[in-house]
Amino acid sequence: MFSRILCAVAAVSWLAAQTSRPNDAALRRLERQLTAVLRWGILWGNLPAGFRVTGDGSARLAIHRTPNLFSFCSPDLGTCAEYAMEGRKIGQRNRSVPCVSGKPPCSQGMNDIESVLAFAGANRQAPAAQKTTERPLFGGTISGTLGSPGAIIWTATIKLDNRAETLKYYQQLRPAELDGLREWLRTHLRGAGYKSVTIPCFASSDPKIYVYGDRPERGPIVFSVFWDEESEEWVEAGRLDRMEDRAQIDKLKSLIEPIACSTIRFD
């Protein structure tokens, strides 16, 4: 018991020395970003290892953020996950592990902050989580340095819906960026053998948008696009169009069609 108290005092002292707390508005902005990233993941089935939605949708979590990395642990959500920070935005997921009581990084008796410190590698005395490299839908990996100076740590509660409710949420979206994306696709794909292109409804905060294309001669295609804030234009992020991709293409088509926001038809 005494050693437990000493560890808690040491953890508080470490946090006081190593972290700084920005204003609440900045923290709430990051919490909203994380909620949006996880909502997008629920829709497309792109979620951290062990992830689950609670019965009432409410979940507590502890967050560890450095200038380059954003990590969280949540026994409620069943996962610990790390993302790259792209400026002020949460970027691509690097790695994740299930958050199971009694197993690192969510070992028996550890609170949420101790778990996220163990996962992030910031607490050198805590057991480090085994790294699991994520494979994004269209390939690629990101890595970074854990435990960087300037970390901030806090706890939060977010609300997430199950997939059925998330689907309803996306069906009613009419993003302001839709017309611009339609025009870009019409110009970008004209004369490329497309019969039609289906754009799903999306949120402005979505990390990428999956688009389905009907190409009678070359076969179906799904490609992803995102808005590049630096160049201020739409950019293609990746594509699936090979025969061996057909099962994945069909799966994504079945996800796109129920939330179709617009279909472009080519002459």
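All of these numbers come straight from a predicted model, not from anything done at the bench. Computation of the quantities below employed the complete heavy-atom set of this structure, encompassing side-chain atoms and omitting hydrogens, waters and symmetry-equivalent molecules.
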### Query
Which residues satisfy the side chain to side chain contact (heavy atoms under 4.5 Å, CB included) test with Lys195, sequence neighbours excluded?
Asp214, Pro216
### Query
Do the ring planes of Tyr194 and Phe266 sit parallel (below 30°), tilted (30 to 60°) or perpendicular (above 60°)?
tilted
### Query
Is there side-chain contact between Phe51 and Leu160, with at least one heavy-atom pair below 4.5 Å?
yes
### Query
Given Leu43 and Asp206, is the side chain to side chain contact (heavy atoms under 4.5 Å, CB included) satisfied, shown in steps?
CA-CA 11 Å; Leu43 178 70; Asp206 285 353; 5.7 Å; no
### Task
Enter the distance from Arg39:CZ to Leu47:CG here, rounded to the nearest 0.5 Å.
13.0 Å
### Task
Decide whether a cation-pi geometry holds between Arg95 and Phe119; the criteria are a distance under 6.0 Å from NZ or CZ to the six-membered ring centre and an angle within 45° of the ring axis.
yes
### Query
Which heavy-atom pair separates Pro98 from Pro105 by the least distance, and what is that distance?
O-CD, 4.2 Å
### Task
Sorted by first residue and then second, give each salt bridge (Lys or Arg N to Asp or Glu O under 4.0 Å) pair with at least one member in residues 225-238; sequence neighbours left out.
Lys89-Glu229, Glu236-Arg239
### Message
So Leu27 and Ile152, do their side chains get closer than 4.5 Å, heavy atoms only?
### Response
yes
### Task
Any chance you could measure Cys73, atom SG, to Ile113, atom CD1, to the nearest 0.5 Å?
11.0 Å
### Task
Compare every heavy atom of Val116 with every heavy atom of Ala62, then report the nearest pair and how far apart it is.
O-CG2, 3.6 Å
### Task
Begin from the C-alpha positions of Phe70 and Ile63 and carry the test side chain to side chain contact (heavy atoms under 4.5 Å, CB included) through to its verdict.
CA-CA 7 Å; Phe70 179 99; Ile63 300 169; 3.5 Å; yes
### Query
Does Arg29 CZ have over 12 foreign heavy atoms under 6.0 Å away?
yes
#### Entry: Any side-chain heavy-atom pair of Asp250 and Tyr212 under 4.5 Å
no
### Query
If you measure from NZ on Lys159 to OG1 on Thr54, what distance do you get to the nearest 0.5 Å?
8.0 Å
### Task
Would you give the length of the straight line joining atom CG of Asn111 to atom CD of Glu114, rounded to the nearest 0.5 angstrom?
4.0 Å
### Nonpolar side-chain network containing Met243, other nodes, edges under 4.5 Å
none
### Query
Taking a hydrophobic cluster as the set of Ile, Leu, Val, Met, Phe, Trp and Tyr residues connected by side-chain heavy atoms closer than 4.5 Å, whether directly or through intermediates, do Leu255 and Trp40 fall within one such cluster?
yes
### Task
Heavy atoms only: give me the nearest Ala120-His64 pair and the separation to one decimal.
CB-ND1, 3.7 Å
### Message
Working note: Arg32 + Thr35, criterion side chain to side chain contact (heavy atoms under 4.5 Å, CB included); need CA distance, chi angles, decisive distance, verdict.
### Response
CA-CA 5 Å; Arg32 289 193 298 271; Thr35 302; 5.6 Å; no
### Task
Would you give the length of the straight line joining atom CD of Glu183 to atom NE2 of His188, rounded to the nearest 0.5 angstrom?
13.5 Å
### Task
State, yes or no, whether a side-chain contact exists between Gln108 and Ser101 at a heavy-atom distance under 4.5 Å.
yes
### Query
Is there a side-chain contact between Lys168 and Asp161, using heavy atoms and a 4.5 Å cut-off?
no
### Task
For residues Arg174 and Gln171, report the shortest heavy-atom separation together with the two atoms involved.
NH1-O, 3.0 Å
#### Entry: Thr79 side chain to Ala49 backbone, donor-acceptor under 3.5 Å
yes
## Note on the structure
In Ser96, Pro48, Pro207, the residue satisfying side chain to side chain contact (heavy atoms under 4.5 Å, CB included) with Tyr83 is Pro48
### Query
Would you say Pro175 and Cys261 make side-chain contact, with heavy atoms under 4.5 Å?
yes
### Query
With a 4.5 Å limit on heavy-atom distance, are the side chains of Met85 and Ile90 in contact?
yes
### Query
Is there a side-chain contact between Trp234 and Ile209 (heavy atoms, below 4.5 Å)?
yes
### Query
Does Trp227 belong to the same Ile/Leu/Val/Met/Phe/Trp/Tyr cluster as Ile264, with side-chain heavy atoms less than 4.5 Å apart forming each link?
yes
All N/O donor-acceptor pairs, side-chain side in residues 196-205, below 3.5 Å, sequence neighbours left out:
from, atom 1, to, atom 2, distance (Å)
Ser204, OG, Glu177, OE1, 2.9
Ser204, OG, Glu177, OE2, 2.8

### Message
Between Thr66 and Leu69 (side chain of the first, backbone of the second, donor and acceptor by atom type, cut-off under 3.5 Å), is there such a pair?
### Response
yes
### Donor-acceptor pair, side chain of Glu257 and main chain of Ser254, under 3.5 angstrom
no
## Note on the structure
By side chain to side chain contact (heavy atoms under 4.5 Å, CB included), Arg242 pairs with (sequence neighbours left out) Glu244, Asp245
### Task
Is it possible for you to say whether Trp184 and Ile221 belong to one hydrophobic cluster, with membership spreading through side-chain heavy-atom contacts below 4.5 Å?
yes
### Query
Where is the tightest heavy-atom contact between Ala81 and Arg93, given as atom of each residue plus distance?
CB-CD, 4.3 Å
### Task
Check whether Tyr169 and Ile259 end up in the same hydrophobic cluster, where Ile, Leu, Val, Met, Phe, Trp and Tyr are linked by side-chain heavy atoms less than 4.5 Å apart.
yes
### Query
If you measure SG to SG, does Cys80 sit under 2.5 Å from Cys99?
no
#### Entry: Heavy-atom pair with the smallest gap, counting every atom of Asp56 and Ser58
OD1-N, 2.9 Å
### Query
Got a sec, which residues hit side chain to side chain donor-acceptor pair (under 3.5 Å) with Glu31, two or more places apart in sequence or on another chain?
Arg28, Trp154
